[in-house]
Amino acid sequence: MEHIRNFSIIAHIDHGKSTLSDRLIQAVHIVADRDFKDQILDTMDIERERGITIKSQTVCLPYTAKNGKTYSLNLIDTPGHVDFSYEVSRALASCEGAFLLVDASQGAEAQTLANLYLAMEHNLEVIPVINKIDLPSADIERVREQIEDDLGLDPERVILTSAKEGIGIEDVLEAAVNFLPPPKGDPDKPLRALIFDSHYDPFRGTIVHFRVFDGRIKAGDTIQFMSNNARYKVEEVGIFQIVRKPRKVLSAGDVGYMIAGIKTVSDTSCGDTITLKSNPCDAPMPGFRESKPVVFSSIYPVASDEYEDLAVGLEKLKLNDSALIYEKDSSAALGFGFRCGFLGLLHLEVVQERLEREYDLSLILTAPSVQYEITLNDGEVMIIDNPSLYPDPSNILMTREPYIRAAIIVPDRYMGAVMKLCLDRRGINRNYQYLTRDRLEMIFELPLAEVIYDFYDKLKSVTQGYGSFDYDILEFRETDLVKLDILINGERVDALSQLVHRDRAVERGRRACEKLKEEIPRQMYKIAIQGAIGAKIVARTTISPFRKDVTAKCYGGDITRKRKLLEKQKKGKKRMKMVGQVEIPQSAFLSVLKTE
Ligand code: GTP
């Protein structure tokens, strides 16, 4: 264990985490240079394009230090978005240390701090790194002062790097060896290993990623997951070096993987503890939480003959995504589809993008909703997340909605703006405290329904990107809900209905009608859009008919030109859905939730 170091790199987005990780991998020569693809850790296309890490990947770096000894440096990558904060916490729980990366020209930013606090919560040894020192705008002295004054870290420890130019890479590896503590733990105690991730391999099934805290694990062992007592026979254990490298045994302090005939990743849970059936440990690792979807939306194919492809796509995605849940759903307006549950909006968007891109589908998603707990007059309690299942209001005794505890960290000059944003969202300010001279942590209790759509974007915009946001689900609390329906030419479109707080219903109805007016293109006849609560119309707009004939200006002469124009129109139509007589574009279904 003396020769193991387990650590993460934490940083604000774009400060160079992936680039530095790549350099560390290159420096220890586990991948031939000619095979080296930049940003090897972020393997999914979407991650690469959006530049965010969603699925963490781990790599074991074999490093011979200046002291002549060889070390196993386990770099545990963490996802970088609030939807995945539980996964981040499990990855950090598997580390003893972290490098906190700060951009030399930007200095510490919101996420730098939020990540630092997370690392401190896990008692990690934190080493500051100033990256991008090659930039002409780099201000190393200013950032060094910030590290001391604002972050409270030792400025003597600062490592200077340019991940881009490969400067300071060895200093990072040496610091891991010299300043990060080796893992503690007892290889002779019963097995106790923490799962921090898993992924699906089409040939081997689920690959479980874990850190061993005590004991040993090897092929042939029968292991047991402590959350559900499921048992499996271990086929293989090993370490990650971009590819999997099998090992005879993994023991206390090691980070690696296990293959054990586990069919889908849903059979494993991040944060669960692995032990041996024959000799179990007495207590699981602390902090286990089942990851539950909190945002629900229905997905429909634009073309109904793509339903089967959608089913196949979801099934495949599910193999690798234990947080995604889905079941069959149908709508009068949209036909057959699936009701899906997600960890948050980013998760929803990632699933949508992957389905559209990898399975070539064109999809409609209905307005996301949280789950509501409804008590009926006869005492029956139902949980619903789909407005179409909302019971007749006269049968409802009480409705309750989920609340969250939000922790928002901002420079204090944004305090007023954040306060306004949260109060506007029915939030209650519970507490605030200064973390440093000019940074505040503000605690709010908010209805989850008010944050699922665009809260994070709004927070970023009112704080010019400096606000960080993290949340925990609290409990269900009593609320006053109504179902807001949208009628198009007098017809109720079930897929556009939403459940909203009574105080907001009229305003929401008005906004939704305005948004739909913007989204739905003019058609040959007048379209009336109405918002209704029960039989009462609360808002209305109309779209006046479309008069111009697009082909008229082609004079009937040039037939190819005419055809091109029609083709172009057809493409534009691909993402439209006929609802009754009216064509509604894909984007309209989500637009009804927009608040401005
Ligand atoms: P996320 O994965 O989104 O968290 O971003 P990241 O922190 O991994 O940042 P990434 O490594 O993708 O780097 C962001 C940008 O900064 C890229 O364009 C890099 O090429 C650039 N970059 C990274 N390190 C350096 C550096 O040392 N110098 C300069 N000039 N640019 C760098």
Side-chain angles (χ1 to χ4, degrees), residues 7-27 31 36-59 61 75-85 87-89 91-92 95 98-119 126-140 142-144 147 151 158-173 175 197 242 344 346-347 349-350 353 456-457 460 465-470:
F7 61 96
S8 286
I9 301 174
I10 54 182
H12 187 81
I13 194 158
D14 273 351
H15 283 196
K17 185 170 102 171
S18 311
T19 314
L20 179 64
S21 305
D22 291 349
R23 287 289 165 271
L24 295 175
I25 293 167
Q26 264 181 324
V31 189
F36 205 87
K37 269 206 245 141
D38 265 352
Q39 306 212 341
I40 239 166
L41 284 189
D42 290 357
T43 43
M44 281 164 46
D45 277 356
I46 293 174
E47 292 191 2
R48 214 171 279 187
E49 270 169 39
R50 299 185 149 213
I52 43 166
T53 313
I54 295 160
K55 205 89 187 115
S56 48
Q57 281 214 26
T58 294
V59 59
L61 309 167
L75 168 57
I76 300 178
D77 198 14
T78 54
H81 190 277
V82 57
D83 283 4
F84 303 92
S85 60
E87 284 72 9
V88 176
S89 81
L92 293 181
C95 298
F99 289 97
L100 181 74
L101 203 60
V102 185
D103 185 317
S105 67
Q106 305 290 321
E109 292 190 65
Q111 219 53 37
T112 315
L113 264 126
N115 281 319
L116 174 63
Y117 296 128
L118 265 183
V126 178
I127 300 176
V129 177
I130 302 181
N131 187 37
K132 307 200 188 181
I133 57 166
D134 60 290
L135 288 177
S137 53
D139 187 347
I140 298 170
R142 184 182 72 92
V143 178
R144 201 194 289 270
I147 285 174
L151 309 186
V158 169
I159 302 171
L160 302 179
T161 61
S162 163
K164 191 170 167 197
E165 316 227 307
I167 300 167
I169 306 306
E170 196 179 3
D171 297 340
V172 174
L173 295 166
D197 194 13
I242 307 302
L346 178 83
H347 186 208
E349 281 172 34
V350 168
E353 269 188 55
Y456 191 56
D457 292 342
K460 286 278 166 203
Y466 281 96
S468 78
F469 167 60
D470 191 12

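Order of appearance sets the numbers: ligands from 1, and atoms from 1 within every ligand.
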Where ligand 1 meets [X] - atom numbers and elements under 4.0 angstrom, heavy-atom basis:
X	value
Asn131	24 (N), 25 (C), 27 (O)
Ser18	2 (O), 6 (P), 8 (O), 11 (O)
Leu135	30 (N)

Q: List the steps, then state whether side-chain contact (heavy atoms from CB on, under 4.5 Å) holds for Thr112 with Leu100.
A: CA-CA 7 Å; Thr112 315; Leu100 181 74; 4.0 Å; yes
How does Asp14 reach ligand 1, by side chain, by backbone, by both or by neither, if only non-hydrogen atoms under 4.0 Å count?
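Both of them.
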query: Would you say Gly16 has any N or O atom under 3.5 Å from an N or O of ligand 1, going by distance alone?
result: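 Yes, there is a polar N/O contact under 3.5 Å.
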If you count heavy atoms of other groups shown closer than 6.0 angstrom to NZ of Lys164, is the number above 12?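 Result for NZ/Lys164: open.
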Have a look at Phe99 and tell me which of Val126, Asn131, Ile127 forms a side chain to side chain contact (heavy atoms under 4.5 Å, CB included) with it.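 Testing each of Val126, Asn131, Ile127 against Phe99, the sole residue satisfying side chain to side chain contact (heavy atoms under 4.5 Å, CB included) is Ile127.
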Chi angles and distances behind the side-chain contact (heavy atoms from CB on, under 4.5 Å) call for Asp197, Thr58: CA-CA 9 Å; Asp197 194 13; Thr58 294; over 6 Å; no
query = Atom CZ of Arg23 and atom CG of Leu173: how far apart are they, to the nearest 0.5 Å?
reply =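 Arg23 atom CZ to Leu173 atom CG measures 13.0 Å (nearest 0.5 Å).
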**Study point:** Closest to atom 22 (N) of ligand 1 among His15, Lys132, Arg23 (heavy-atom distance)
**Key:**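 Answer by nearest heavy atom: Lys132.
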